[in-house]
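A short worksheet on the structure shown next.
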Amino acid sequence: MSILPQLIINSIIAGSIYSLVALGFNLIYGTTKFFNLAHGVLAAVGGYTVFYLSKMWGLPIIPSVIVGVLFAGFVGYLVDRTVFRSLRKKKASGMVFLVASLGVMTALQAVIAIIFSSQFQTLSTGTFKVYRMLGGVITQVQVIILALSIFIMFALAILLKYTRFGKAVRAISDDEEVSKIVGINTNKIIGRVFFIGSAIAGLSGILVGFDTGIEPGMGLSLLLKGVIASIIGGIGNVYGGVLGAFLLGFIENFGIWKISGEWKDAIAFGVLLTFLLFRPQGIIKK
Amino acid sequence: MEYFIHLGILVSIYAILGLSLNLIVGYTGLLSITQAAFYGIGAYATAILITSYGVNFFVSMLIGMVIAALTALLIGYVLSKFDGDYFALGSFGFNIIIFSILLNWQGLTRGPLGIPGIDRPEIFGVTVSSNLSFLILSVLTVIIIYGLSQMIVNSSFGRVLKAIREDEKAIQIFGYKTHHHKLVIFMISAVIASVAGSLFASYISYIDPSSFNLNESIFILSIIILGGLANNKGVIWGAVFLILLPEALRFVGFPTDVAAQMRQVVYGLILVFLMLYRPQGLMGEYKL
């Protein structure tokens with residue numbers, strides 16, 4: 001039996017997860033112009049909320065997932081409201097934002113570890129259905145991952161293109177000062193952007209939790225993949241991020257065809273370095 | 001008394017790490033989040049050379065410095081073309097890669113099992129076995145490195161670094177190849193961090209990859225941001241304060257696992273509050 005179909009399926013699934021992280025990351029980067037390192041930890045917030053509700057309280061899966069996504073969004077909004085908004089008011093430099101987000105990431109991750117311990121947990125209860133497809137295997141969870149990420153991609157594209165909110169977001173990414181002058185309430189819009197971006201990150205954490213499992217540090221590796229996807233796709237460009245995510249998924253999974261799986265992170269970073277050296281603006285230039 | 005000597009040694013090791021990072025972040029204005037990677041390279045070089053080949057500590061330290069310099073040359077070649085966010089991000093990713101190499105290259109590093117039984121240094125046939133003599137060795141190293149970094153930052157080379165920090169374009173117009181300067185200071189900083197790693201490995205006598213992950217880099221960054229960017233005295237105070245602070249938490253009586261996480265919460269909050277209210281740190285001469 002050929003291993004090729006399975007590799008392709010794995011690449012697509014990895015690409016979907018990365019594209020969710022990259023979508024949220026790019027959305028926030030586009031409006032605020034700083035690398036929000038706290039973005040990844042919200043994936044862990046989402047995953048652990050579902051863990052808490054479904055495993056400890058025995059809530060059914062669908063409502064706990066919805067609460068988990070909303071809660072991750074809310075935490076993201078709160079971080080913006082308490083930390084980043086005051087930094088924006090002071091016109092702090094990008095590095096100050098970056099260090100502050102690093103602090104938020106460190107603190108939140110440790111709080112999760114204190115509450116739930118650092119142990120690896122899985123969200124899935126019992127076994128899921130497994131489908132055979134073209135000589136490869138795909139689980140029900142993975143089908144849901146694929147479907148949800150495609151749905152969110154289109155939903156976000158429509159939101160940005162056709163609504164008043166989307167127009168405001170695009171205006172702020174072009175020029176925050178001018179948007180303020182023409183009467184856009186930038187703080188309100190950026191707050192909402194943080195909510196949406198963080199909720200998407202939360203969803204990706206939950207999906208990873210069902211597919212493999214959750215641990216407090218999971219956000220870091222997801223964040224790194226999302227950021228790499230955004231950079232190789234074209235930073236600040238929503239569609240570029242998706243393209244980069246799938247490219248990264250394929251390179252990673254085909255890379256470990258011959259060498260062992262622990263080197264995925266190293267391969268991903270190698271891809272990033274190659275792009276930084278030869279095409280730092282990414283595939284799609286904004 | 002032993003306890004205070006232990007804290008003194010830790011403060012010295014982190015002071016060295018802080019001094020090394022300050023050359024890049026404070027004086028050159030490049031946000032590097034990868035110091036733990038070079039720290040780990042030094043520690044593992046010493047650990048492997050001493051336990052498997054019986055090499056003298058100071059020889060192993062020298063070899064570690066060479067390896068750190070070569071690695072820094074490689075990664076710095078890419079990073080020195082960037083500044084700001086991209087530099088931070090690239091260095092951030094590099095730390096994760098070095099950590100995953102330490103964890104997964106089991107043939108060399110024994111992976112998560114770590115390397116036990118690392119001997120203390122030996123000078124002219126005398127082993128630095130007591131903690132007090134090790135403290136003296138560490139403090140001497142701090143003094144040497146402090147003097148060295150003061151010399152670097154006050155030299156003409158150091159003035160170019162500060163100029164890069166203030167306005168890279170302007171100094172380029174004067175004909176300076178700024179990415180050479182960035183690369184050189186990145187390598188010097190890596191070499192100093194590897195010295196701290198060698199000292200750490202030989203003092204603790206057991207190392208595993210978890211001491212060299214991203215959290216460690218963030219901790220070193222907190223030291224210099226708290227103490228003050230571009231102020232070497234401030235860095236020493238930052239190291240003293242941040243090493244002693246969690247010791248106070250220890251007396252509050254948390255279980256060890258929770259105490260370790262509490263430290264991370266405290267470091268994270270310190271970074272956030274400094275950024276909000278005093279981005280140059282307590283004694284800093286440069287604002288991020």
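Chain letters run A, B, ... following the sequence lines, proteins first and then strands; every chain starts at 1. Keep in mind that what you see is a predicted model, and the values were worked out from it rather than measured.
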- Item | Option among B/Leu214, B/Val266, B/Ile218 that satisfies the side-chain contact (heavy atoms from CB on, under 4.5 Å) test with A/Thr106 | B/Ile218
- Does a sphere of radius 6.0 Å around CZ in B/Phe273 hold more than 12 heavy atoms from other residues, nucleotides or ligands, not counting ones at 6.0 Å or beyond? no
- Query: Hey, mind stepping through A/Leu224 and B/Phe92 against side chain to side chain contact (heavy atoms under 4.5 Å, CB included) and telling me if it holds?
  - Reply: CA-CA 9 Å; A/Leu224 193 69; B/Phe92 183 88; 3.9 Å; yes
- Within 6.0 angstrom of A/Arg81 CZ, more than 12 heavy atoms from elsewhere: no
- Task: Just do the side chain to side chain contact (heavy atoms under 4.5 Å, CB included) check on A/Trp263 and B/Asn104 with the steps written out, would you?
- Result: CA-CA 8 Å; A/Trp263 299 103; B/Asn104 295 320; 3.9 Å; yes
- Task: Return yes when atom NZ of A/Lys55 has more than 12 non-hydrogen atoms of other residues, nucleotides or ligands closer than 6.0 Å, and no otherwise.
- Result: yes
- Message: Does B/Arg263 have more than 12 heavy atoms from other residues, nucleotides or ligands lying within 6.0 Å of its CZ?
- Response: no
- Task: Check each atom of B/Asn215 against the heavy atoms of chain A and say whether the ones under 4.5 Å are side chain, backbone, both or neither.
- Result: side chain
- Nearest heavy-atom contact between A/Val96 and B/Pro279 is CG2-CB, 4.2 Å
- Query: With only heavy atoms counted, which part of A/Ile115 is less than 4.5 Å from chain B, the side chain, the backbone, both or neither?
  - Reply: neither
- Message: Tell me which of these, A/Val83, A/Leu102, A/Leu277, has more heavy-atom pairs under 4.5 Å with chain B than the rest.
- Response: A/Leu102
- Query: Does the ring centre of A/Phe35 sit less than 6.0 Å away from the ring centre of B/Tyr86?
  - Reply: yes
- Query: At a heavy-atom separation under 4.5 Å, does B/Ile75 approach chain A through its side chain, its backbone, both, or neither?
  - Reply: side chain
- Note on the structure: Nearest heavy-atom contact between A/Gly103 and B/Val272 is C-CG2, 3.8 Å
- Message: What I'd like to find out is whether the side chain of B/Tyr277 reaches to under 4.5 Å of the side chain of A/Lys90, using heavy atoms alone.
- Response: yes
- For atom CZ of A/Phe275, is the number of surrounding heavy atoms from other residues, nucleotides or ligands below 6.0 Å larger than 12? yes
- Please test A/Leu108 against B/Val265 for side chain to side chain contact (heavy atoms under 4.5 Å, CB included), starting from the C-alpha separation and ending with a verdict. CA-CA 7 Å; A/Leu108 273 183; B/Val265 176; over 6 Å; no
- Checking heavy atoms, do the side chain of A/Ala266, its backbone, both or neither come under 4.5 Å from chain B? both
- Task: Quick one: closest heavy-atom pair of B/Gln261 and A/Ala110, and the distance?
- Result: O-CB, 3.3 Å
- What is the distance from atom CG of B/Leu89 to atom CD1 of A/Ile231, rounded to the nearest 0.5 Å? 4.5 Å
- Item | Flag if over 12 foreign heavy atoms under 6.0 Å of CZ, A/Phe120 | yes
- Message: Are B/Phe99 and A/Asp265 packed together at the side-chain level, in the sense that at least one heavy-atom pair is separated by less than 4.5 angstrom?
- Response: no
- Task: Would you mind checking which part of B/Phe219 comes under 4.5 Å of any heavy atom in chain A, side chain (CB onward), backbone (N, CA, C, O), both or neither?
- Result: neither
- Task: Go through the atoms of B/Leu221 and report whether side chain, backbone, both or neither lie under 4.5 Å from a heavy atom of chain A.
- Result: side chain
- The interface call for A/Ser221 against chain B, heavy-atom contacts under 4.5 Å, is neither
- For B/Leu31, is it the side chain, the backbone, both or neither that has a heavy atom under 4.5 Å from a heavy atom of chain A? both
- If every non-hydrogen atom of A/Ala100 is compared with every non-hydrogen atom of B/Met275, which pair is closest and at what distance? N-CG, 3.7 Å
- Query: Roughly how far apart are A/Leu220 CG and B/Ile96 CD1, rounded to 0.5 Å?
  - Reply: 4.5 Å
- Message: Distance check, rounded to the nearest 0.5 Å: B/Leu30 atom CG versus A/Met95 atom CE?
- Response: 7.0 Å
- Between B/Ile33 and chain A, which part of the residue has a heavy atom less than 4.5 Å away: side chain, backbone, both or neither? side chain
- In terms of heavy-atom proximity below 4.5 Å to chain A, should B/Ile101 be classed as side chain, backbone, both, or neither? both
- For the student: nearest non-hydrogen atoms of B/Ala88 and A/Leu98, plus distance: CB-CD2, 3.6 Å
- Message: Tell me if the CZ atom of A/Phe195 is crowded by more than 12 foreign heavy atoms within 6.0 Å.
- Response: yes
